[in-house]
Each structure stands twice: as structure tokens, then as C-alpha cells.
Amino acid sequence: MKLKKGIKLKERFLSIETPQECSGITLFRYAGTFLGMWNIEGCFILVDNIFIDSGNPNYSRENMRRYLATLDKKREWRILNTHMHEDHVGGNRLIQNELGAEIYSPESVQDFSFVSGLMDLVWGRPKMFCYSMIDRDEYITDKGRTIEVIPAPGHSPGHTVYRIIPDNIIYSGDAIPVPARKRYVTLGEDYVTELESLKKMLGYAEAGTRFISAHHGIVTDSVKLIQARIAGMTGVVHRVSEAASAGITGVEQIGREVFGKPEFLYSTLGNQLRCREDWTIQSILDSLEMTNI
Ligand SMILES: [Fe+2]
């Protein structure tokens with residue numbers, strides 16, 4: 001099923017497929033838009049009885065409820081979350097209500113009030129759910145697959161990826177950024193730690209692990225994709241370091257040096273969006289200060 005792009009405020013797209021190359025893993029795809037000016041696609045998966053993430057809060061509840069009704073309620077359903085951003089836990093409550101799923105997260109959140117009114121409108125704000133903290137190094141599915149817990153912090157403090165064994169597939173959540181030269185981060189994101197986690201992911205990719213990324217879907221060339229992100233982000237860190245060494249002190253001024261003019265959406269909507277360039281610069285400056293580079 002293909003996403004139809006176009007001018008609409010809220011995106012309800014949801015497709016559910018079991019791609020041949022994924023050994024029986026179910027792939028759910030959703031999307032978000034803002035009047036056609038931006039469009040983000042995402043995905044989450046179901047491995048036997050374990051969901052990994054659950055998508056944004058705006059995809060069609062009706063379609064998802066219809067799908068969940070086809071599943072056997074007697075199985076022990078679980079959700080493992082990569083992190084507590086709204087587009088990864090947006091289906092938690094629905095899946096928990098319909099299937100009684102136990103939810104495990106690597107980090108905690110009290111509520112989702114950090115999702116601004118505008119983001120709520122176009123992308124969605126999750127309803128709260130009951131969850132426990134991740135409490136083991138691996139989870140076993142009811143069909144005998146192992147899901148290994150691999151910390152990959154940076155995008156959020158506790159961000160975690162999951163490797164499915166024996167398939168040797170990592171669901172990497174947001175560990176692989178969408179743009180190669182990542183410009184905007186969310187509050188609490190640590191740019192340099194994220195870069196270190198990417199290097200860890202590259203090690204897995206080089207050893208033959210395949211990747212399903214929340215915003216790239218099934219990755220066809222993981223090594224190439226991750227290398228491009230490492231190169232782009234390393235370049236940004238170097239440029240920030242050079243600007244700081246040259247005596248430029250303001251984060252906004254450094255931002256102009258490194259990234260050029262602000263983009264229209266970000267300069268107009270500001271705090272209504274979840275990502276900011278000045279947080280990127282500040283995060284890198286903080287790391288440089290800590291390591292005395
Ligand atoms: Fe995220």
C-alpha cells in the first residue's frame with residue numbers, strides 16, 4: 001500500500017504488511033504531514049507476540065483496532081519501546097487496551113505535554129499507558145525468537161535498539177537520523193553520544209546485521225546509510241568546534257556559520273516544532289567542553 005501525499009492537515013495512513021525479506025515480521029507504516037509542507041513516514045514492527053514501538057498517535061485507530069481484533073488475545077502480548085517520543089509510543093494505549101499488552105520502556109515519562117499544540121494537531125499526542133522499565137538483556141517471543149536489548153543512547157538519554165535473533169535484524173528506532181547532516185535535535189538529545197551509538201550500529205551492519213529503521217523502513221544498504229550519517233554528523237561537530245575555536249560564542253551565530261540561513265518552517269514556527277538547531281549547537285558545545293577539545 002502506498003502513501004498518497006498531498007495537502008491535508010492530519011495523516012491517518014496505516015499499512016500493515018509482512019514483507020517476504022523479513023522472515024514473518026509484520027511491518028506497520030504510518031505517516032505525518034503538515035499541510036503538505038512536510039511529510040514524515042515511520043514504521044514499527046511485530047515479531048511473533050512482541051511489538052517493537054507502536055507508531056505515532058494519529059494513524060487510523062479504526063484500521064489498527066480491526067487488525068488487533070484478528071490476533072489471539074490469549075497470547076502474552078508485549079511492547080518494547082525504543083524511547084518515549086510520541087511517534088514511537090502513540091499506539092501503546094490502544095494495543096494495551098485491546099490485547100492487554102505489557103509494555104517495557106528504557107526510559108520514563110510522566111506525560112506527553114512536551115508535544116506542542118501544533119504537533120498534537122498534525123502528528124499527535126499519545127494517551128498515557130501503564131509500563132515497566134526494561135528489566136532484562138533479552139526477551140524471548142512465544143515462538144522462540146530472542147530479542148536482544150542494545151543500548152544506543154543519544155537521540156534520547158535511554159534510546160535502545162533491539163536485535164532479533166536468529167534473523168539478525170536490528171529495529172533501530174531513531175538511532176539512524178533521517179538527514180545525513182543532522183541539523184535539528186529534540187530537547188535532551190545528545191549529538192556526540194548519538195554519533196558514538198551510530199558507530200556502534202555500523203559495527204553490527206558491517207558484521208552482516210540487517211536494519212529496520214523507524215524512518216527509513218527496511219534499509220537496503222545499512223553500511224552505506226550509517227556511514228553517510230556518521231560522516232555528516234562528524235562534519236557538523238568539526239564545524240562547530242572550528243567556529244567555537246575561532247571565538248564565535250553565540251549558538252545562533254555558530255548555527256549560521258555551520259548550517260547557513262534558518263529554514264522557513266523552523267524560523268516561523270519556532271517552539272511549536274519539536275526540534276531546534278540551537279539545541280544541536282549547544283549539545284555539541286557541551287560535549288566539546290566536557291572533553292576539552
Ligand atoms: Fe525520536
Side-chain angles (χ1 to χ4, degrees), residues 11 28-34 38-45 51-59 79-93 103-116 118-120 122-129 131 133-134 149-162 170-198 200-201 211-217 219 225-226 229 232-233 236 265-266 271-277 279-280 282-283:
E11 179 58 77
F28 302 76
R29 289 173 52 229
Y30 61 91
T33 186
F34 177 60
W38 57 247
N39 182 292
I40 301 179
E41 290 188 53
C43 74
F44 59 98
I45 60 173
F51 289 83
I52 306 184
D53 282 348
S54 65
N56 85 350
N58 272 355
Y59 62 76
I79 303 172
L80 301 178
N81 285 129
T82 54
H83 62 305
M84 284 290 194
H85 284 171
E86 68 280 7
D87 52 330
H88 296 260
V89 301
N92 276 16
R93 165 112 149 215
I103 300 172
Y104 292 89
S105 167
E107 54 196 19
S108 54
V109 69
Q110 297 302 313
D111 58 51
F112 291 91
S113 51
F114 60 82
V115 179
S116 69
L118 179 66
M119 289 304 286
D120 180 15
V122 300
W123 191 230
R125 180 186 288 153
K127 293 207 168 80
M128 207 53 208
F129 43 83
Y131 67 96
M133 301 306 287
I134 290 282
V149 175
I150 304 173
H155 175 72
S156 71
H159 188 283
T160 293
V161 305
Y162 297 98
I170 285 182
Y171 176 83
S172 56
D174 282 352
I176 307 175
V178 176
R181 196 165 178 265
K182 188 172 170 127
R183 178 170 184 173
Y184 306 101
V185 301
T186 53
L187 188 62
E189 195 160 343
D190 181 330
Y191 205 89
V192 170
T193 304
E194 192 168 349
L195 190 47
E196 290 310 310
S197 288
L198 264 178
K200 186 172 169 182
M201 294 303 106
F211 279 72
I212 300 175
S213 157
H215 300 296
H216 298 91
V219 179
L225 182 76
I226 298 170
R229 267 90 203 129
M233 291 177 73
V236 169
L265 267 185
Y266 288 86
N271 286 345
Q272 281 296 310
L273 297 176
R274 287 256 289 110
C275 304
R276 282 170 47 172
E277 181 187 292
W279 290 342
T280 297
Q282 192 58 56
S283 165

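Both ligands and their constituent atoms are indexed starting at 1 by order of listing. The first residue in the sequence is number 1, and the count goes up from there.
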Is [X] close enough to the Fe ion (ligand 1) that one of its N, O or S atoms comes in under 2.8 Å?
{"X": "His159", "result": "no"}
{"X": "Asp174", "result": "yes"}
{"X": "His83", "result": "yes"}

(message) If we ignore hydrogens and angles and just use 3.5 Å, is the side chain of Tyr171 paired with the main-chain N or O of Thr82 as donor and acceptor?
(response)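 Between the backbone of Thr82 and the side chain of Tyr171 there is no qualifying donor-acceptor contact (under 3.5 Å).
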(request) Taking all heavy atoms of Glu86 and all of Phe114, pick out the closest pair and write down the distance. (result) OE1-CE1, 3.6 Å
(message) Could you report the tightest heavy-atom contact between Trp123 and Asn58, atom names first, then the distance?
(response) C-ND2, 3.2 Å
(message) Can you tell me which N/O/S atom of His85 has the shortest distance to the Fe ion (ligand 1)?
(response)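 Nearest N/O/S atom of His85: ND1.
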(request) Starting from the Fe ion (ligand 1), look over the N/O/S atoms of His155 and name the nearest one. (result) NE2
(request) Over 60° means perpendicular and under 30° means parallel, so classify the ring planes of Tyr266 and Tyr184, tilted if in between. (result)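 Rings of Tyr184 and Tyr266: parallel, under 30°.
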(request) Find out whether Arg183 and Thr280 are in side-chain contact, i.e. whether some heavy atom of one side chain is under 4.5 Å from a heavy atom of the other. (result)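 Counting from C-beta outward, Arg183 and Thr280 never come under 4.5 Å.
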